[in-house]
Amino acid sequence: PITPPDPIRSANVSSLSPFVIALEPPQAALQSALDSLRALRQSVTDERDALRLDQAARSLAAALDPSLWLDPARLQTGGGQPVFEQTKNAVKRFDELASDSRATIPAATLRFYIARLLEVDRRLAAAAITDAQSAGASQPQLARAVATLTEGDADVTRNKFEEAVADYAAAWGLALKAAPVR
């Protein structure tokens with residue numbers, strides 16, 4: 001079976017006691033990013049920075065529209081593209097701010113938001129690929145979806161964040177098309 005690549009995570013622990021590493025479902029991670037962004041916005045006094053943060057917050061709020069989500073980890077078949085478009089809009093605003101030498105918000109803070117949104121979009125695409133695979137999708141179609149997901153990962157490493165979101169959206173769409181109709 002084809003499995004989408006996952007980023008490698010590592011940690012050091014001081015004992016061999018059992019522990020759990022859990023990720024928030026994508027919808028909850030998006031909500032958490034929005035909540036954090038709203039808190040950040042309260043401390044920003046520069047009008048240009050505030051405007052871009054407000055635009056990003058509106059985009060994230062639109063992406064969280066419950067009608068677009070099937071469950072906390074998956075998008076409605078017709079709801080995915082709007083979610084990806086809205087997260088791409090937010091990523092664009094954060095990237096503009098991070099590149100603006102006059103911005104008052106640390107670039108590291110803005111990169112945190114970008115990384116969080118890219119992770120959400122990647123996980124949504126990977127879930128659709130996994131679902132299509134479980135439903136018996138054809139291997140060639142799945143391979144195209146996985147290749148597109150991998151292109152998104154490559155765009156992230158090249159700091160082409162909007163392109164990465166577009167690739168993750170395309171991978172999600174290819175996975176939906178690959179799934180057999182029931």
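Just so it is clear, the values below take in all heavy atoms, side chains as well, and ignore hydrogens, waters and symmetry mates. Everything numeric here is computed off the predicted structure, so don't read it as measured data.
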My understanding is that only residues two or more places apart in sequence, or in another chain, count here; which of them pass side-chain hydrogen bond (donor to acceptor under 3.5 Å, both in side chains) with Asp95? Arg111
Kindly give the heavy-atom pair with the smallest separation between Leu34 and Ala57, and that separation in Å. CD1-O, 3.6 Å
Please collect all ring pair (Phe, Tyr, Trp, His ring centres under 6.0 Å) contacts where either partner lies in residues 36-63, sequence neighbours excluded, each pair once. none
Around atom CZ of Arg158, are there more than 12 heavy atoms of other residues, nucleotides or ligands at under 6.0 Å? yes
Using the test salt bridge (Lys or Arg N to Asp or Glu O under 4.0 Å), find all partners of Glu85 that sit at least two apart in sequence or belong to another chain. Lys88
Would you confirm whether Ser99, through its side chain, and Glu96, through its main-chain N or O, come within 3.5 Å as a donor-acceptor pair? no
Review item, side-chain donor-acceptor pairs of residues 71-78, under 3.5 Å, at least two apart:
residue	atom	partner	partner atom	Å
Asp71	OD1	Ala73	N	2.7
Asp71	OD1	Arg74	N	2.9
Arg74	NE	Asp131	OD1	3.2
Arg74	NE	Asp131	OD2	2.4
Arg74	NH2	Asp131	OD1	3.0
Gln76	NE2	Trp69	O	3.4

Would you confirm whether Thr148, through its side chain, and Arg144, through its main-chain N or O, come within 3.5 Å as a donor-acceptor pair? yes
Step-by-step side chain to side chain contact (heavy atoms under 4.5 Å, CB included) determination, Arg116 to Ser32: CA-CA 10 Å; Arg116 190 80 187 261; Ser32 176; 3.8 Å; yes
Could you check if a side-chain atom of Thr150 sits within less than 4.5 angstrom of a side-chain atom of Asp167, using non-hydrogen atoms only? no
Can you list everything that forms a side-chain contact (heavy atoms from CB on, under 4.5 Å) with Leu68? Sequence neighbours excluded, please. Asp65, Pro82, Val83
Partner residues of Lys92 under the salt bridge (Lys or Arg N to Asp or Glu O under 4.0 Å) criterion, sequence neighbours left out: none
Any donor-acceptor N/O pair, Thr130 side chain to Ala126 backbone, under 3.5 Å: yes
Residues which pass salt bridge (Lys or Arg N to Asp or Glu O under 4.0 Å) with Arg48, listed by chain and number, not counting sequence neighbours: Asp100
Ignoring hydrogens, what is the shortest heavy-atom contact between Ala171 and Ala145? Give both atom names and the distance. CB-O, 3.4 Å
For Gln141 and Ser138, does a side-chain donor sit closer than 3.5 Å to a side-chain acceptor? yes
If we only count heavy atoms from C-beta on, is the Arg123 to Leu23 side-chain gap below 4.5 Å? yes
Residues passing the side-chain hydrogen bond (donor to acceptor under 3.5 Å, both in side chains) test with Asp121, sequence neighbours excluded, are Thr87
Salt bridge (charged side-chain N to carboxylate O under 4.0 Å, His left out) partners of residues 29-42, not counting sequence neighbours, each pair once: Arg41-Asp54
Going through the checks in order, is the side chain to side chain contact (heavy atoms under 4.5 Å, CB included) test met by Leu64 and Gln27? CA-CA 7 Å; Leu64 284 162; Gln27 188 181 38; 3.9 Å; yes
Determine the minimum heavy-atom distance between Leu142 and Ala132, stating which atoms define it. CD2-CB, 3.8 Å
Given side chains that start at C-beta, do those of Leu60 and Leu117 come closer than 4.5 Å, heavy atoms only? yes
Calculate, to the nearest 0.5 Å, the distance between atoms CG and CG belonging to Leu97 and Leu53 respectively. 5.5 Å
Filter on ring pair (Phe, Tyr, Trp, His ring centres under 6.0 Å), then keep only pairs touching residues 148-171, sequence neighbours left out; what's left? none
Which pairs count as ring pair (Phe, Tyr, Trp, His ring centres under 6.0 Å) when at least one residue sits in residues 95-146, sequence neighbours excluded? Phe94-Tyr113
The side-chain contact (heavy atoms from CB on, under 4.5 Å) partners of Ala128 (sequence neighbours excluded) come to Trp172, Ala175
Show the nearest heavy-atom pair for residues Gln81 and Ala169, with the distance to one decimal. NE2-O, 3.6 Å
